[in-house]
J.: 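Before anything else, here's the structure in question.
Each chain gets a letter, A, B and so on, in the order its sequence line appears, and its residues count up from 1.
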Protein chains: 2
Amino acid sequence: MIHLIIHLMSTKSSPRAPLRLRNASPNRRERVTEHRAVGVTAAPTFKPIHTRRTFEEICERIREQLALGILKPGDKLPPERDLAQQLGVSRNVLREALRSLEMAGVLRLQKGVKGGAFIQEGDTRRMNEVMRDMLSLGTISVRELSEARVHVLDLVVQLACAHARRADLDALEANIERTELATKEGRLLDRVECSREFYKLLAAATGNKVIAMIVDSVTEIHMRFVYAKVASSGVAMARLAEKRRQFLSALSERDAALASRLLRSHLESVQRMLEQDPGSMSLHVALADVQPGMRR
Amino acid sequence: MIHLIIHLMSTKSSPRAPLRLRNASPNRRERVTEHRAVGVTAAPTFKPIHTRRTFEEICERIREQLALGILKPGDKLPPERDLAQQLGVSRNVLREALRSLEMAGVLRLQKGVKGGAFIQEGDTRRMNEVMRDMLSLGTISVRELSEARVHVLDLVVQLACAHARRADLDALEANIERTELATKEGRLLDRVECSREFYKLLAAATGNKVIAMIVDSVTEIHMRFVYAKVASSGVAMARLAEKRRQFLSALSERDAALASRLLRSHLESVQRMLEQDPGSMSLHVALADVQPGMRR
DNA sequence: ATTATTAAATGGATCACCCATTCAATGGAA
DNA sequence: TTCCATTGAATGGGTGATCCATTTAATAAT
């Protein structure tokens with residue numbers, strides 16, 4: 001574990017001293033003298049308003065260090081007290097920044113001696129949170145999300161057919177076996193979990209983490225609907241494992257057209273199942289228990 | 001503007017009073033007595049470690065209200081001082097939560113009387129930030145992002161062909177005209193901006209905001225490469241507007257195959273242009289000036 | 001050697017202030 | 001009356017001191 005002592009001085013823009021945005025105008029009266037160039041009728045050069053707040057400034061500087069590779073996952077920031085002093089800000093406002101970055105999945109704060117603020121590996125679940133917030137705020141709809149999912153999954157099938165490796169196929173096979181077992185033993189909700197995992201594995205099989213992240217984010221909400229539906233109705237998709245096997249077989253033989261057809265058909269039947277009970281795809285179901293998966 | 005007075009009491013879980021996680025054990029010595037069931041050898045029911053910090057708790061409760069539709073975009077939260085008292089937490093820790101939510105694009109904090117914490121419309125640029133962070137942290141690579149972009153854009157072309165409306169096509173047409181003008185006047189960087197806008201409009205033409213958000217997020221970084229390349233080399237894609245016109249024509253005639261072919265060919269030539277100068281697609285270029293577009 | 005105790009480091013949280021901005025109310029001048 | 005300047009209150013922005021809780025290493029006791 002590298003314990004960097006980091007100078008969070010800005011690398012771009014003028015080499016300003018510790019933030020010190022505060023106390024800029026100790027006396028309001030002096031402000032009047034700021035009016036400049038009284039008689040000049042030239043282009044009114046408005047000051048670029050920089051009412052950037054210090055916590056934003058701090059977030060930005062830390063992200064800057066990340067972007068420059070000076071900070072990397074596993075690194076530790078200086079203790080809050082030290083860093084606050086380095087930056088010339090109060091500990092309180094520094095913590096506002098650190099918590100924001102923690103919420104954003106960039107940092108993890110850990111208590112105790114040898115604790116501190118550690119840079120994290122990127123948490124791909126952040127995108128799920130974005131989707132949830134967008135849904136909560138009404139920016140996107142359940143319909144758009146479902147539609148996007150169908151299209152994205154189709155793309156994923158193409159890519160998975162092209163790029164899936166032995167290990168990916170094996171993982172999918174193992175998943176199907178778990179699905180079969182859960183089916184035999186009547187553990188319906190476990191089977192839903194298997195489904196969730198199935199799509200995760202399929203996404204991973206594309207070999208592209210960006211695509212995988214996108215797929216996960218659009219699948220997450222959908223699986224909640226399925227989970228809720230299965231939990232309440234007690235019924236579940238028939239011949240699930242069997243269908244998965246057919247699909248995996250097509251995937252193994254790189255038959256994208258067939259795999260695509262099989263998946264689309266499955267998605268449609270699931271959709272029909274969900275829509276039997278209007279309201280099973282309500283926002284409420286999608287958003288219940290907000291952020292249970294995130295940072296626990 | 002609705003001024004809700006909101007009770008941020010949790011709706012799920014027990015009707016607990018204001019958070020009051022603190023002062024739980026005023027005296028360390030008393031802790032010893034917490035050991036329970038001394039002689040019981042039964043299943044060791046470990047406490048589920050709920051070291052959830054209050055700022056997380058607060059974020060969750062506010063998101064809960066969003067999910068339940070009690071809070072909607074445009075609503076205002078109570079003043080910090082009031083809300084802190086309602087929740088039984090200090091103002092500082094409340095602010096940590098509010099700032100996190102602001103960074104997440106859920107809130108906007110506004111100063112002055114009649115100011116406050118306002119729920120925002122969902123900011124779709126949040127996904128761009130996620131991409132940038134993932135790139136910074138090395139979770140995803142430039143290659144994966146570029147690759148994903150190509151595939152996603154192909155999907156977008158299919159969808160845009162199917163769903164583009166008159167207004168969408170007109171907007172694209174107008175964009176091409178701006179591109180032509182910029183070309184004539186030699187404003188190369190403006191032309192790059194036109195390109196950025198072009199993909200945004202194309203994404204919007206799918207009629208699906210989820211897809212649009214995804215496209216924007218994978219295109220954002222790419223346009224930085226193009227911008228940097230054009231800015232440094234002074235050269236730019238030849239016959240850009242012309243190619244766009246051909247593409248738009250195919251789109252108008254709902255010829256997805258042709259449109260797809262045209263776009264892919266264009267993307268490839270751009271890629272060749274970028275790769276002429278190795279290093280032009282470096283992380284540094286992608287991440288310079290982190291978060292300039294976000295909340296300025 | 002092993003185990004219990006202690007102490008220090010560090011994040012978690014509170015309190016009491018003060019500043020800066022904004023906006024409505026007020027009041028005086030045209 | 002109408003308009004503009006002043007004022008004051010509401011509210012977010014920020015500070016510093018202080019305490020608590022957790023974690024770990026060093027130390028002491030067995």
J.: Among the nucleotides dG13(D), dA13(C), dG12(D), which one has an atom lying closest to any side-chain atom of P79(B)?
T.: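 Looking only at heavy atoms from C-beta outward on P79(B), the closest nucleotide is dG12(D).
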J.: Starting at CG of D82(B) and ending at P of dA10(D), how long is that distance when rounded to a whole Å?
T.: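 Going from CG in D82(B) over to P in dA10(D) covers 11 Å.
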J.: At less than 4.0 Å, is any side-chain N or O atom of R95(A) found next to OP1 or OP2 of dG12(C)? Yes or no.
T.: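 For dG12(C), OP1 or OP2 has a side-chain N or O of R95(A) closer than 4.0 Å.
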J.: Check every atom of dT24(D), dT21(C), dA13(C) against the side chain of V93(B) and return the nucleotide holding the closest atom.
T.: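 Looking only at side-chain atoms, V93(B) lies closest to dA13(C).
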J.: Drop me the distance from R91(B)'s CZ to Q85(B)'s CD, to the nearest 0.5 angstrom.
T.: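 Rounded to the nearest 0.5 Å, the CZ-CD separation comes to 12.5 Å.
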J.: Identify which nucleotide among dA9(D), dT14(C), dG13(D) has an atom closest to any side-chain atom of N92(B), counting heavy atoms from C-beta outward.
T.: dT14(C)
J.: Where each residue is assigned the nucleotide of DNA chain C containing its nearest heavy atom, which of E96(B) and R81(B) is assigned the position nearer the 5′ end?
T.: E96(B)
J.: With a 4.0 Å limit, can you tell me whether T54(A) has a side-chain N or O closer than that to the phosphate oxygens OP1/OP2 of dG14(D)?
T.: yes
J.: Can you see which heavy atom on L287(A) is nearest to which on S136(A), and at what distance?
T.: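 Minimum heavy-atom separation between L287(A) and S136(A): CD1-OG, 3.4 Å.
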J.: For a 4.5 angstrom cut-off between non-hydrogen side-chain atoms, does I119(A) reach K72(A)?
T.: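 I119(A) does not reach K72(A) side chain to side chain.
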J.: From the set dG16(D), dT22(C), dA21(D), return the single nucleotide nearest to any side-chain atom of K111(A).
T.: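 So the side chain of K111(A) is nearest to dA21(D).
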J.: Could you say whether L94(A) or V113(A) is positioned toward the 5' end of DNA chain D, judged by the nucleotide with the nearest heavy atom to each?
T.: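 The residue mapped nearer the 5' terminus is L94(A).
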J.: Check every atom of dG12(C), dT10(C), dC15(C) against the side chain of R91(A) and return the nucleotide holding the closest atom.
T.: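 Closest of the options to the side chain of R91(A): dG12(C).
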J.: Does a side-chain N or O from R99(A) land closer than 4.0 Å to OP1 or OP2 of dG12(C), or not?
T.: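 It does, given that an N or O in the side chain of R99(A) lies less than 4.0 Å from OP1 or OP2 of dG12(C).
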J.: Name the residue closer to the 5' end of DNA chain C, choosing between G115(B) and L109(A) according to the nucleotide with the nearest heavy atom.
T.: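 With G115(B) and L109(A) compared, the 5'-side residue is L109(A).
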J.: Hey, are R99(B) and E56(A) close enough for a salt bridge, meaning a charged N less than 4.0 Å from a carboxylate O?
T.: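 Answer for the salt bridge query: no.
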